[in-house]
2 protein chains.
Amino acid sequence: MKVTIKHIAELTGVSIATVSKVINHKDEKISHQTRDRVLEVIKEQGYIPNRVASSMVTKRTKTLGLMIPDITNPFFPELARGVEDGANEMGYTLILCNSDNDLQKEESYLEMLQEKMVDGIIFTASSRRTTMSPAFLRLNIPVVSVDREIEGLKLEGKITVDNEKGAFEAVCYLLDQGYRKIYHISGPLLSKTAKDRYAGFLRAHKEKGILPIEDHLIEGNYTSILGYEHTIGLIENHVDFDSLFCGNDLIALGAYKALHEKNIRIPEDIGIIGFDDIYMAEIVSPGLTTVRQPSYIMGYKAAEMILDLIKHKDGIQKEWVLETKLMVRGSTK
Amino acid sequence: MKVTIKHIAELTGVSIATVSKVINHKDEKISHQTRDRVLEVIKEQGYIPNRVASSMVTKRTKTLGLMIPDITNPFFPELARGVEDGANEMGYTLILCNSDNDLQKEESYLEMLQEKMVDGIIFTASSRRTTMSPAFLRLNIPVVSVDREIEGLKLEGKITVDNEKGAFEAVCYLLDQGYRKIYHISGPLLSKTAKDRYAGFLRAHKEKGILPIEDHLIEGNYTSILGYEHTIGLIENHVDFDSLFCGNDLIALGAYKALHEKNIRIPEDIGIIGFDDIYMAEIVSPGLTTVRQPSYIMGYKAAEMILDLIKHKDGIQKEWVLETKLMVRGSTK
DNA sequence: TATACTTAGTTAAACGTTTACTTAGATGGG
DNA sequence: CCCATCTAAGTAAACGTTTAACTAAGTATA
């Protein structure tokens, strides 16, 4: 049978309240002798506190929910790691939810998390989500969104990156290097992220006076498969392009594959810029020039912020727009 | 204030037991009318059951712990996805723990998981773990180990891959293709996984009568950094080698980088084989020949197995040794 | 008509903690 | 010596469920 606080109390010859107090370091009013005796019995019995019982009364589970589209997408492990490290430092634990960009799955996970009484949720919205469901709005725990934002919704906290500016700088760089026929393979355009990156792409052209480029947009879905296929498409249709600004690195790596297959050189024939700076961007040859997102930091900050919200700290900054950084490597000349 | 089963009972005019029964579909003995009325009130009030409270009495949290070294290592997201999908199908939820191959962190997570009363733990041991701590042995919930096993320990369940055979086949393939000077950059050799792969490497040479190769082993740590550095080392020390059998794909990709930098062609000058078949193996150019591990399936099976163990199903298979598969791509001739 | 059985519930204990409140005894001040 | 204060505990309610045991009313059986 499992040993409980009650057993410890009996064995030590004190009340359970006393045991509870020493466990929780509320022991200013406990004498050294009793405290040491309790501690000794706890150790000898291998007592492990039952946190579900204490959650019952404290109404805190010390658990956070992390909802992301897919941990298998290389952008997310870093972010998840950041969240986990931040949470862990404060003694919190993380429930992982992969929504697969599926709104229904997202909803059902959201409900599960509420049932499990998590103290807060860190949320990277499905790229298909454009609005909030009633279930979401009914949520009475803090939520902070990371990376992707939902237009028109006020969440408690928000951590994003300046996607428009990041894209703008990347495309400016391409233009400055002399590339003139840039195509953009984007993510799904109903997500704000993809829209913002496209907006940066447009503004760069506008400011540099390079036009028209209306048909230089190809909508993808952030996967390397579509990156590959769209690039193959461009080549086989003899489209005249000299560079690719990809909505993320996965798309860019798909493009790499297509170009390699067609024996087109990077960056001599075609320049490529990605977005995210996933782990592989550096490993691949040539190294992928890309817009770095501080994904680990985003996760870490999200954890910090949600913990502050949970503790009702005030005066905290509830919105962070982090800076991107252009990482110039070998895929651009 | 949060709405509880008690409110629902009052509003409907029945006892809380009745409400509980309809919630849990133990309603054979409940009339249609009351059931519908209860359901209606539940909906209208937006009632969400408090699973912490029910865990208290059922002694089930419907939560699993997943302990892995690092979700940031591309091998693990797939595995984690498999676990999550398996767990989710049965209404279970996953607590993610990254041990960083740090025994102390592993211990403290283990304790946390016990405190949170998870119903079972899926465990990929730290590569540094060679023995089980008392905390681990005290565990009174099912544990299944995936991928890495701990020598001399009997866990309830075990899911592995035949690493020796996978390595054997890979190295045989290299030898069959005419490669004769194969170096092996391994993982940390105190892990059984790394040892087994090395054993396969040795056996292949033995069976093909190619010897001696005692000094063809370089110990790495499963990171691309060491893969890169060791390869650079080989080249700069003018070691005579014609191919690399890498302990995992990350090492192999590090080697890619080194070889590209030194303008050495793959596979013409140097052939490379990796292990795992991570996502990138296919994307990279040339495609990486590698030993595929069914990581998603391993995770999924682990989830299945632990759920069976939790339910005390008997007659279940408690040990799976899955097959690897050599994926021949462009990095070998 | 008495008895047994069925139906549709209700009652109350239990799960393992935390915590506000109480208490018994010791100490100190006037 | 009496009252107030302090110290080191103990008491018991509460958290929101589940579930075994009970019950009251109706129905079928002999």
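Just so we're on the same page: letters track the sequence lines, and every chain starts at 1. These numbers come from a predicted model, not from an experiment. Atom set for the values below is all heavy atoms of this structure, side chains included, hydrogens, waters and symmetry mates excluded.
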Presence of salt bridge, Asp119(A) and Lys62(A), under 4.0 angstrom: no

Dot-bracket encoding per residue of DNA chain D, Watson-Crick/G-U cut-off under 3.5 Å, | denoting interstrand: ||||||||||||||||||||||||||||||

Heavy atoms of other groups near Ile141(A) CD1, more than 12 under 6.0 Å: yes

Tyr296(A) side chain to Asp85(A) side chain, donor-acceptor N/O pair below 3.5 angstrom: yes

Salt bridge (charged side-chain N to carboxylate O under 4.0 Å, His left out) between Arg81(B) and Asp100(A), intermediate numbers included: CA-CA 11 Å; Arg81(B) 233 3 253 275; Asp100(A) 274 326; 2.6 Å; yes

Distance-only polar pair, side chains of Lys116(B) and Thr63(A), donor-acceptor under 3.5 Å: yes

Residue Ala17(A), side-chain heavy atoms: nucleotide from dA12(D), dT18(D), dA9(D) that is nearest: dA12(D)

Heavy-atom donor-acceptor pair, Lys29(A) side-chain to dG10(D) base, under 3.5 Å: no

Gap between atoms NZ and P, on Lys21(B) and dT19(D) respectively (whole Å): 10 Å

Span of DNA chain C in contact with chain A (heavy atoms, under 4.0 Å): dG16(C) to dT19(C)

Touch class at under 4.0 angstrom, heavy-atom based, for Ser15(B) against every strand present: base

Sugar-phosphate only, base, or nothing, as touched by Thr34(A) at under 4.0 Å among non-hydrogen atoms: sugar-phosphate

Sugar-phosphate only, base, or nothing, as touched by Ser20(A) at under 4.0 Å among non-hydrogen atoms: base

Contact list for residues 61-97 of chain B, test ring pair (Phe, Tyr, Trp, His ring centres under 6.0 Å), sequence neighbours left out: none

Nearest-Å distance for atom pair NZ/C1', residues Lys26(A) and dA8(D): 17 Å

Value in whole Å for how far the C1' atom of dT18(D) lies from CE of Met56(B): 12 Å

Touch class at under 4.0 angstrom, heavy-atom based, for Val14(A) against every strand present: sugar-phosphate

Along DNA chain C (nearest heavy atom to each residue), the more 5'-positioned of Thr18(B) and Pro49(A): Thr18(B)

Carboxylate-amine/guanidinium proximity below 4.0 Å for Lys192(B) and Asp147(B): no

pair Arg37(B)-Val14(B): side-chain heavy atoms closer than 4.5 Å: yes

Distance, rounded to the nearest Å, where Ile16(A) contributes CD1 and dA12(D) contributes P: 11 Å

Residue pair Glu89(A) / Tyr300(A), side-chain donor-acceptor N/O under 3.5 Å: yes

Sugar-phosphate only, base, or nothing, as touched by Thr4(A) at under 4.0 Å among non-hydrogen atoms: sugar-phosphate

